[in-house]
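A quick note: this is a predicted structure, and the numbers were derived from the prediction, not measured. In what follows, chains carry the letters A, B, and so on, assigned in the order in which the sequence lines appear, proteins first and then strands, with residues in each chain numbered from 1.
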Amino acid sequence: MGLAGPCLPCDSGRMERYTPSLIEPKWQAYWAEHQTFKTPEDPKLPKKYVLDMFPYPSGAGLHVGHPEGYTATDIYCRYLRATGHAVLHPMGWDAFGLPAEQYAIQTGTHPAVTTQKNIATFKRQIMALGLSYDWDREVDTTDPAYVKWTQWIFLQLFKRGLAYQSEKPVNWCPALGTVLANEEVIDGKSERGSHPVVRLPLRQWMLRITAYADRLVDDLKLADWPESTKTMQEEWIGRSEGAEVKFPLVDGNGELEIFTTRPDTLFGVTFMVIAPEHPFVERLTTHAQKNAVEAYAHQAINRSDLDRKAAKEKTGVFTGGFVTNPLTGQPVPVWVADYVMMGYGTGAIMAVPGHDQRDFEFARKFGIPVLQVVSADGTVIDGEMPEAMTEEGVAVNSGPYNGLTTETFKKKVTQDLEASGQGKLRVEFRLRDWVFSRQRYWGEPIPIYFPVETDGDPRQGAAHTIRYDMPMPVDEAELPLQLPELEDFNPGEDPAGTLARAIDWRFFQRDGLWYARETNTMPQWAGSCWYYLRFMDPRNPTAAWSQEAAQRWLPVDLYVGGAEHAVLHLLYARFWHKVLLDAGHLNVPEPFGKLVHQGMILGEVEYTAFKLGDQFLNRDQITTNPEGGYQHKENGAEVLLVRVPEEDTEKKGATIILKANPKITVEARAFKMSKSRGNVVNPDEVILAHGADALRLYEMFLGPLEATKPWSTTGIQGVSRFLERTWNLGQKPVSDLAPEGDLLRLMHKTIRKVGEDIEALRLNTAISAMMIFLNELAKTEPLPRVAVETLVRLLHPFAPHLAEELWETLSHAPSIQAVPWPTYDPALCVDEAVTVVVQINGKVRGRVTLPADSSLDERRTAALACPDAQSHLAGKEILKVVVPPNGTLVSIVVK
RNA sequence: GCUCGCAUGGCGGAAUGGCAGACGCCAUGGACUUAAAAUCCAUUGUCCGAAAGGGCGUGCCGGUUCGAGUCCGGCUGCGAGCACCA
């Protein structure tokens, strides 16, 4: 690409060509030198805290998905600064994590080295986009000065009894050499890398997030979040209200407690189920059933989640034991089955096969009776129930409770059970406590140590016992507790973790006694749980943040990031926030106000067709096979889905066909960008070809911020052309004559539209409004200076480099960021004339043009009188004439 | 299976219950050029028609309304989340 293109003729002689590669670095250097985006200290300015979810700096560098959210917030921030706000807009790095460590295991490069290299790449790429971050506030979660306060927060949790150890079975991933949170396990495999995960009892640090379950649900109403995200969190927490009911063992040896949300079906209980891990298994099992129950329980407990999921059929064994139904006094058999889990409720259920799908399946399989106790309309089904009726209704076959609705029954029976001491109201949560330890190297060390009982020096291999039951917090003055240097980062097979091998770091002596440090590290979520707090006061050496900073900046006003964090990160951060609020370090209940998830940017649309050998086939000749592939319907031969170049296709009505073979239809679809697919778009290359302003503008113009949308190489040329045309306009001589008439009105309308759209993050329509304004200005001669300057000022948040350059060209001193946002006159935002649409029986039949100040009656009269209407009204009877209050149309109903 | 979201030209999309398709891409024609690229101008939902004009049209079926892409009910398809949670 040659830069010395032909000069366009113009009145002032030679015109320079729009060259982003020259002006973009120029202004980036200017902003850095003049600290244009430094967060203002002035407390009189209204504050706005605008936050992007900070990235994990991967080795692959930025992809085009990153600039989407970052550009949107950047536009918003530049607009807010121009409208007189003090804006806090920081960026940082979520830099602990597995990839750097995996790389270290393979190559021996220290993760800190890899991390710093990746951060440098990310920062260079983000800088090249011209984003207006206050780089003085940059944070890095792996920086000891940051780790110090992450550990400090852990100690606050520990001191409040919210961090504890547990020996429960956890998700151990042998391939990764670590334990994973429930949230990181998907279908029995690790979220990262899809490695198998097994259940293994290990000592773990847990965070008592369940203690905050109620508030985490209730306070969602304070957050201005997408409903879908709130729903996901609500469901993740999964609060359900029901009853705890006690079923006495028939042999008098205690009571079996169960949790149910349907105490109204107590009369329909025909069996009980307890989890294989339930402590009552032994007590309930009769001698005759002992072998069968033990075999089943042993097998079920060792079954991985993957196996449990794969099994579709219900399994279980009768214990031989019975309990008594507290309402009917009838004996009920107790079974062991793995469809009941120890981790939820009491690990035991009352089974009501008539009104629960799972119980129904179980009863069917093992020939257990099914009773009807709820009916939609009060009638009782004759004979066996054909399927479980899970809806609410009216009680039947329920003794004194017959005829009650489900809701009333629940309330009444819960009260009755409570009065007789046989049960009570109980609220259960799906949410479990958070497994907070990882057996890896590249994470924050957990600042805890334990006494060691030993006769010698444990570093020399002396026999010793670590008293894990006596955890002691590291003194706050000793923070940060830094990672030891290691040669080999391989986690190995010791579930105590990589750090267990750093003997000299692990064991230390104090006052003659030996102690051992915790060798687990924190999960990657830890750093991101509170980075928004550190940004408020990032260099504070004596506190994680100051009270004044918290008063000034919280809550985050706008938070933009991917929907993939809807549950994990956003729930964990809210939990820590509430703990810190309770500890008196914060003053607002929720960290994030408005939350927006940017949509994914897919790869370019791909055209595909089915091919067997060198023969193309149509969709209707193909079926999918169980492995997810395709095969020929008749002969079963394997068929491939192949990519077809776009130029070989042709559109024919609603379908796309092959040019060479019009009988073959082609499917068009965009796919998620991925290395393996080879459809990843690299921002560096886009900037090289079109400039950062074009990339920014294009990503915003693509569609609504929240939508998933495909990348298009030709599409970016449209916005590139717009920028060039704006540039060319800026090179033209301008007149000091004020704009007037329609141009003046369009200018005011555009100011209003762009401002309103930025505030609502409708950036695509804001750009389209500026395009319309430009198209009009390009036709205007002489060109009013005020109009060109207005366009440049409006464009500035979107294409800041171009705007700065044009602002200078228009003989102004930099920077345009210091120039207040243009204002509009509402009186000039309406047209002088209105076009009133004449509708007859719902069809548009004509238009009349009237002055903007005409009354509704005048419009009605003019519409009825217009020739187009008359020709459709001739010989018809007018039944009704409707003029809506905005007066844009007159609707006539005739017969 | 449950929960949530989405569905508009050849494509990305626009439209407080009020002119469907703004803006952009693509495509076609023209101007400029020796030529091409770039640029500029015009056309561009679809069908009938020489035109004037008219019919149809926002996934499908129905409803509310003077008026529905928009609201309500029922489907279908696609996407996301959850998934034996008692």
Side-chain angles (χ1 to χ4, degrees), chain A residues 5-6 8 17 186-187 226-232 234-236 238 240 242 258-262 265 273 308-309 311-312 314 337-341 343-352 356-359 361-362 428-432 563-564 566-567 600 605 646 649-656 668-670 698 701-704 706-719 721-722 724-725 728 762 764-772 775 778 835-847 879-894:
Chain A
L8 299 168
R17 198 169 177 160
I186 293 161
D187 288 337
E227 278 310 314
S228 56
T229 305
K230 290 199 207 180
T231 305
M232 277 168 67
E234 236 175 83
E235 288 176 354
W236 191 265
S240 69
I258 60 97
F259 172 73
T260 180
T261 54
R262 292 296 299 271
T265 58
V273 183
R308 276 205 191 189
K309 220 140 270 190
K312 288 195 176 76
K314 292 272 181 297
D338 68 358
Y339 82 90
V340 170
M341 283 157 300
Y344 186 78
T346 61
I349 62 156
M350 61 179 219
V352 186
D356 182 281
Q357 191 55 43
R358 296 150 303 188
D359 299 345
E361 286 165 19
F362 194 86
E428 266 301 318
F429 294 93
R430 206 190 75 111
L431 184 73
R432 310 293 159 81
E564 67 273 19
V567 176
M600 208 192 319
V605 172
E646 190 184 353
T649 67
E650 195 174 4
K651 277 106 192 180
K652 202 114 198 200
T655 54
I656 307 164
R669 227 195 99 177
Y698 176 61
F701 187 61
L702 214 47
E706 299 87 342
T708 303
K709 47 224 163 217
W711 183 266
S712 150
T713 303
T714 52
I716 193 166
Q717 285 163 12
V719 292
R721 220 169 280 168
F722 165 69
E724 265 168 55
R725 277 156 49 81
N728 293 342
R762 289 186 302 250
N764 53 332
T765 50
I767 294 167
S768 118
M770 290 187 285
M771 285 175 168
I772 293 168
N775 289 345
T835 303
V836 177
V837 169
V838 186
Q839 237 176 43
I840 295 168
N841 284 352
K843 285 198 161 54
V844 178
R845 295 299 184 187
R847 294 177 176 82
L879 298 177
K880 195 173 183 181
V881 179
V882 180
V883 186
N886 67 12
T888 53
L889 96 172
V890 175
S891 179
I892 305 165
V893 187
V894 299

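Side-chain atoms of A:Thr714 and base atoms of B:C25 include no donor and acceptor less than 3.5 Å apart.
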Audit row: A:Val838, A:Ile892, side chain to side chain contact (heavy atoms under 4.5 Å, CB included) steps and yes/no: CA-CA 8 Å; A:Val838 186; A:Ile892 305 165; 4.0 Å; yes

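Remark: B:C32 base-pairs with no nucleotide; criterion is Watson-Crick or G-U wobble with both hydrogen-bond distances under 3.5 Å. Nucleotide B:A38 has no partner under the Watson-Crick or G-U criteria, as no pair reaches both atom distances under 3.5 Å. As the counterpart of B:A20, no nucleotide is assigned, since no Watson-Crick or G-U wobble pattern has both distances under 3.5 Å. In this structure B:G69 sits in no base pair that meets the Watson-Crick or G-U test at under 3.5 Å. Using N1 to N3 plus N6-O4 or O6-N4 for Watson-Crick, or N1-O2 and O6-N3 for G-U wobble, each under 3.5 Å, B:A51 pairs with nothing. Base pairing of B:G57 is not made with any nucleotide, judged by Watson-Crick or G-U wobble geometry with both donor-acceptor distances under 3.5 Å. Using Watson-Crick or G-U wobble geometry with both donor-acceptor distances under 3.5 Å, B:G81 finds its partner in B:C2. Base pairing analysis places B:C25 opposite B:G10; the two distances defining the Watson-Crick or G-U wobble pair are each below 3.5 Å.
A:Asp359 has its CG atom 15 Å from the P atom of B:C84, to the nearest Å. As a whole-Å value, the separation of A:Glu706 CD from B:A14 P is 10 Å. Atoms CE (A:Met771) and C1' (B:A22) sit 12 Å apart, rounded to a whole Å. Nucleotide B:A37 holds its P atom 16 Å from the CD atom of A:Glu724, rounded to whole Å. When rounded to the nearest whole Å, the span between CZ of A:Arg762 and C1' of B:A22 equals 14 Å. If you take NZ of A:Lys843 and P of B:A68, they are 10 Å apart, rounded to a whole angstrom. When rounded to the nearest whole Å, the span between CG of A:Asn841 and P of B:U65 equals 16 Å. Whole-Å rounding puts the A:Trp711 CH2 to B:G13 C1' distance at 16 Å.
Summarising the geometry of A:Val844 relative to A:Arg847, their closest heavy-atom pair is CG1-NH2, 4.2 Å, with the distance given to 0.1 Å. Here the shortest heavy-atom pairing between A:Thr260 and A:Met350 reads OG1-CE, 3.8 Å. Of all the heavy atoms in A:Val340 and A:Gly347, the pair that sits closest is CG1-O, 3.5 Å. Of all non-hydrogen atoms in A:Val273 and A:Tyr339, the two that sit nearest each other are CG2-OH, 3.6 Å.
Residue order along RNA chain B, read from the 5' end via each residue's closest nucleotide, puts A:Ile772 first among A:Ile772 and A:Arg725. For A:Met232 and A:Ile892, each mapped to the nucleotide of RNA chain B holding its nearest heavy atom, the one lying further toward the 5' end belongs to A:Ile892.
Of the candidate nucleotides B:C4, B:C66, B:G18, B:G18 has the atom nearest to the side chain of A:Pro884. Picking from B:C19, B:C82, B:G54 the nucleotide with the shortest atom distance to the side chain of A:Thr835 gives B:C19. With distances taken from any side-chain atom of A:Tyr344 to the nucleotides B:C19, B:C82, B:A86, the minimum falls on B:A86. The side chain of A:Gln839 sits closest to B:C19 out of B:A14, B:C19, B:G24. Closest to the A:Thr231 side chain, of the nucleotides B:G18, B:U3, B:U16, is B:U3. For A:Val837, the listed nucleotide lying nearest its side chain is B:C19; candidates were B:C19, B:G18, B:G54. Side-chain atoms of A:Asn764 lie closest to B:G13 of the nucleotides B:G55, B:C4, B:G13. In the set B:C23, B:C19, B:G13, B:C19 carries the atom at the smallest distance from any side-chain atom of A:Val844. Checking B:C66, B:A22, B:A86 against every side-chain atom of A:Thr260, the shortest atom distance belongs to B:A86. Among the nucleotides B:G13, B:C66, B:A15, the one closest to the side chain of A:Thr765 is B:A15.
Nucleic acid contact class of A:Lys230 (heavy atoms, under 4.0 Å, all strands): none. As judged by a 4.0 angstrom heavy-atom cut-off over every strand, A:Val893 is placed among residues touching the sugar-phosphate backbone only. A:Asn775 comes within contact range of the sugar-phosphate backbone alone, with a heavy-atom separation under 4.0 Å but no base atom that close. Within 4.0 Å (heavy atoms only), A:Pro226 reaches no atom of the nucleic acid at all.
No side-chain donor-acceptor contact under 3.5 Å links A:Tyr698 to the backbone of A:Gly718. With A:Asn841 contributing its side chain and A:Val894 its backbone, the two residues share a donor-acceptor pair below 3.5 Å. A donor-acceptor pair is defined here as one N or O able to donate and one able to accept, closer than 3.5 Å; such a pair exists between the side chain of A:Lys709 and the backbone of A:Pro704.
Base orientation of B:G74: anti, since the glycosidic angle falls outside 90° of 0.
B:U34 and B:G53: their P atoms are spaced 42 Å apart (whole Å). For the P atoms, the distance from B:C19 to B:A38 is 37 Å, rounded to whole Å. The gap from the C1' atom of B:C60 to that of B:C66 amounts to 26 Å, rounded to the nearest Å. For the P atoms, the distance linking B:G1 with B:C75 amounts to 13 Å, nearest Å. As rounded to the nearest Å, B:C71 and B:A7 have P atoms that lie 10 Å from one another. Taking the C1' atom of each, B:A68 and B:C61 are spaced 15 Å apart, rounded to whole Å. Across B:U8 and B:G79, the matching P atoms stand 15 Å from one another, rounded to whole Å. Distance check on atom C1': B:U28 versus B:U44 gives 8 Å, rounded to whole Å.
Between A:Arg430 and B:A83 there is a side-chain polar atom (N or O) within less than 4.0 angstrom of OP1 or OP2. For the OP1/OP2 pair of B:A86 and a distance below 4.0 Å, the side-chain nitrogens and oxygens of A:Ser240 include at least one atom meeting the criterion. Remark: A:Arg721 is not in phosphate contact with B:G24, judged by side-chain N or O atoms under 4.0 Å from OP1 or OP2. Within the structure, every side-chain polar atom (N or O) of A:Lys709 is placed at least 4.0 Å from both OP1 and OP2 of B:G12. Distances shown here put every side-chain N or O of A:Gln717 at or beyond 4.0 Å from the OP1 or OP2 atom of B:A38.
With contacts defined as side-chain heavy-atom distances shorter than 4.5 Å, the pair A:Arg725/A:Asn775 qualifies.
Taking the six-membered ring where the residue is Trp, A:Tyr344 and A:Phe259 present perpendicular rings, their angle passing 60° and hence far from 30°.
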